[in-house]
Every structure is written in C-alpha cells, then in structure tokens.
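In what follows, every heavy atom counts, from backbone to side chain, and hydrogens, waters and symmetry copies are set aside. On a predicted model such as this, the values are computed, not experimentally measured, just so you know. Every chain is numbered from 1, with letters handed out A, B, ... down the list of sequences.
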There are 2 protein chains.
Amino acid sequence: MADTKTFHHGDLKRVLFSAAMKLLDQHGAGGVTIRAVARAAGVSHGAPVNHYKDRRALLTAIARHQFELIRTRIDRALEKAGNDPKIRARVFAEILMDFGFEFPHRYQLLWRSDLIDHEDPHLLTIMDAVYDQLCEEIAAIPSRVKIDKDTIAVSLWSMVHGYVDMRLSGMFVPLNDELSGQPRREAMLDLFFSTLN
Amino acid sequence: MADTKTFHHGDLKRVLFSAAMKLLDQHGAGGVTIRAVARAAGVSHGAPVNHYKDRRALLTAIARHQFELIRTRIDRALEKAGNDPKIRARVFAEILMDFGFEFPHRYQLLWRSDLIDHEDPHLLTIMDAVYDQLCEEIAAIPSRVKIDKDTIAVSLWSMVHGYVDMRLSGMFVPLNDELSGQPRREAMLDLFFSTLN
DNA sequence: TAGTCAATATAGACACTGTCAATATCGCAG
DNA sequence: CTGCGATATTGACAGTGTCTATATTGACTA
C-alpha cells in the first residue's frame, strides 16, 4: 500500500524514468530534458516536478540505477568466474568495459558531475560497493611484491575508465583497436595483470 | 597585412577567446555561452558569429589551444629529463596529470565530444602529435618481454586520463589520495613502469 | 576626393530550455 | 458528501543558440 498505482496517471514516475532512459540511449544526456521527457510520457511539462525535483535529480536517479545494473552484472559474472582472484579482478574490468561500449551514453553520464549529484547518498553507497568489491578481489591476489591494494585498485579502474572514456570520445580509433586478432583491451589487461606476479 | 588589428573593435577574436577561457576556468564548459562571452567582451550577442561560426567552433578552438599548451609543456619538461626513456615516458604522464589538476575545467572540456568537434583537422593533428610523442618514448624503452608499443602507450594514457577524470568527478577522494606521504599518482606510475622490466 | 564593397557589428525574432507560481483535478479518509 | 493532500496543468520568466535584416566601418579604387 506504499507507493505504486494511485492517482491521476498511474505510475508516472516509472514512465518518466524509462522515457528518460530511452532519450539518454538515443541522444545522450543533452537530449534528456525535462520537457522532452514529459512529452514522451504524454504529460505536461510541469508534471515531472512531483516525482523528480529537477533535471539533476532525474539524471542522478538514472546514474544510481546504472551502477546497480553494473553491480548485478559483476555479481553474476563472478559466480561463474572460479576462484583465481586475478581472474576475478579481471572480470570486474571486463564488465565495466562491456557496459561502457554497450551503453555509451549511460556510461558517460556516470561521470558528468555537472549533471548528476555525486554527493547523493544512494549514489555514493552503490559506487563504494562496486569499488569495495574490486578491492576484495585485489586483496586476494597473492603477490610477491608488497604493493598497496588501493593503488592497484585505483590503477586498474583508472585504466579501464580512461580507455572507455577516450574511446567514446573517438580516440584510439585510428589504432583500429585490434592487434593480431586479439582486441586491444585484452592486451591491456594482460599487461596490467602481468605486473602482479 | 593579413589579419590582426583592423575593423571596428580591434581584435575581437582574441578578446572573445580569452573571455571564453576565463569563463571556462571559472564556471566550467556550461558557463561558456556565446552570449556570456559576448557580454564579457562588451559586444552584442550576434557579434561572435563573425569569428566563431557557433559555440562548438569556439570550444573546439579552445581545446586545440589546450593541447598545444600541453605539448609545449611536455617539450619543455623533456629537455631536462635526461635520456632514460622510461623517465621520459613518465614525464608525459606527470605533465598530463599536472595540467588536469591545475585546470580541471579545461581538461574536462578536451573530452566532451558533445561540445567540441573531435573531427576537426587541427585538433586531430595536435592530439596525434602528443600521442606520437608518447609512443616514441615508449618505443625507446628496452624491454625483455615483447609487448606491443601501442598497447603500452594506450594503457598509460588511459590510466592517466582515467585517474584525472575520475578524481575530477569526485571519486577516489575518500581514499585521501595520499599513502605514506607519497602521492598516490606516483605509486600508480611506479606500479605501471615496474611492468616494463 | 567620392564611391563602392566586403567585413564586421547590431537588434530583433524564433524555438527551445529549467524552474517557479497559480490553478485545477483526482481519489481517498473521515 | 466533504475536505484535503497528492498530483497535473497552464502560463510566465529569464536564459540559451542561431538566423535574418539592417547598420556601420574601413580600405581600396576610380
């Protein structure tokens, strides 16, 4: 008896959300305007304010949802990943890259601090959860050399994010992203994990 | 007799450019509107079109200029960097990070393909030049293992960009970015270059 | 010197945008 | 049936980018 299915429209909040997602995937964050979302949902331009305080709130909700989706994907992949912590840490990287190339506009939104609220508690929580999960796997890697675990985690995530982000901006594309059949991303991860021996 | 110092205002193009830079540094790319730039330059909102076709053209010009500044900084730093190619490649990373943290809004603009034209020939040229310079240093590193040079270059730049970009979005800040006095960025670079032995 | 003309600047319009305030409507509690 | 809170509509306001028509400037030419 809490929230769903009441009042005028039905469940406008959900409709607004999915309309916004569609606009995001199609036209990027710039296409997700309050008014366009309202149009797509078939309501007036003033209606959304009852469910999302402003544009930033709507986009922040979407970002939160994406991180939850990422975590779900990671969890599912880890179930089938065996026990080698190096392979498990690598799964993390693969999932993030897959997500970035599959949903470029969603991925780019995640880091747009001018559009979303990175102080949002829900968002902070889920981001921390993903980061902590990575750290757990990293910590389980047996390593001869003593390297700070956070440094490894930050390095890996940085490399992954940097690669996806730059590729989505059109960089490294002239490099063809292929070398002798193996995607470059695999070669990068090979290189990274070879460090940890 | 070519371009500078003519007509009505004097050299409005330069004035527009530096007004835009000031707005960028102060308020981010979102604050760089054609009309705000025109206001800051003391001309009407329609004046800029004579010098920059549209907002995208103005921002692209700024991006181009920033990459040229980065290349200049790299060149200068390389002059004092000695002959060890590993140190020279590292200089590249240090300069990029310095620039990113010194001018966060300028740095973020460089990768906003919704705001600037990454197909612009001038921009492509200067970006390629910076990348090629990195590759040269990488190629000079003697390595036991045979690793594709582009993979190393892409990995390094990706890690550097990813770290700066995520930090500027507020991530990794709770980690304090310090570990035992040494900045994390140095630890990351240590880790990266330890791979190439 | 007078006149022409391209380069440059202005002013106004149009269609957008986010956000706010006033108003209207719905559906449930009493 | 009566409220009343939650929700939706409408209109307004100040912005924005970009286009068009108009005005001004300065240099070159006859």
- Task: Would you classify A:Thr33 as touching base, sugar-phosphate or nothing, given that sugar-phosphate means primed atoms plus P, OP1 and OP2, and contacts are heavy atoms under 4.0 Å?
- Result: sugar-phosphate
- Message: Would you say that more than 12 heavy atoms from the other residues, nucleotides or ligands in this model lie under 6.0 Å from the NE2 of A:His118, or not?
- Response: yes
- Message: Tell me the interatomic distance from A:Ile34, atom CD1, to D:dA8, atom P, rounded to whole angstroms.
- Response: 14 Å
- Would you mind reading off the distance between A:Lys13 atom NZ and D:dT7 atom P, rounded to a whole angstrom? 10 Å
- Just checking B:Asp54: base, sugar-phosphate only, or nothing, at a heavy-atom cut-off of under 4.0 Å? sugar-phosphate
- Task: Take atom CG of A:Leu115 and atom P of C:dG18, then tell me their distance rounded to the nearest Å.
- Result: 11 Å
- Query: Can you check the B:Arg55 CZ to C:dC16 C1' distance for me, whole Å?
  - Reply: 14 Å
- Calculate the interatomic distance between B:Asn50 atom CG and D:dT18 atom P; express it in whole Å. 14 Å
- Message: Looking at B:His51, I'd like to know whether one of its side-chain N or O atoms comes within less than 4.0 Å of OP1 or OP2 on C:dA9.
- Response: yes
- Query: In terms of hydrophobic clusters joined by side-chain contacts under 4.5 Å, are B:Leu110 and B:Phe103 together?
  - Reply: yes
- Counting heavy atoms not belonging to B:Arg76, are there more than 12 under 6.0 Å from its CZ? no
- Atom-pair distance (CG on B:Leu23; P on D:dG17), nearest Å: 11 Å
- Note on the structure: Taken to the nearest whole Å, NE2/A:His27 to P/C:dT17 is 12 Å
- Query: Per the atom types in the model, does the base of C:dG12 pair as donor or acceptor with the side chain of B:His45 at under 3.5 Å?
  - Reply: yes
- Parallel, tilted or perpendicular: ring planes of A:His161 versus B:His161, cut at 30 and 60 degrees: parallel
- Query: 5'-most contact on DNA chain C: A:Arg39 or B:Arg35, nearest heavy atom basis?
  - Reply: B:Arg35
- Rounded to the nearest angstrom, tell me the gap between atom CG in A:Asp11 and atom P in D:dT7. 12 Å
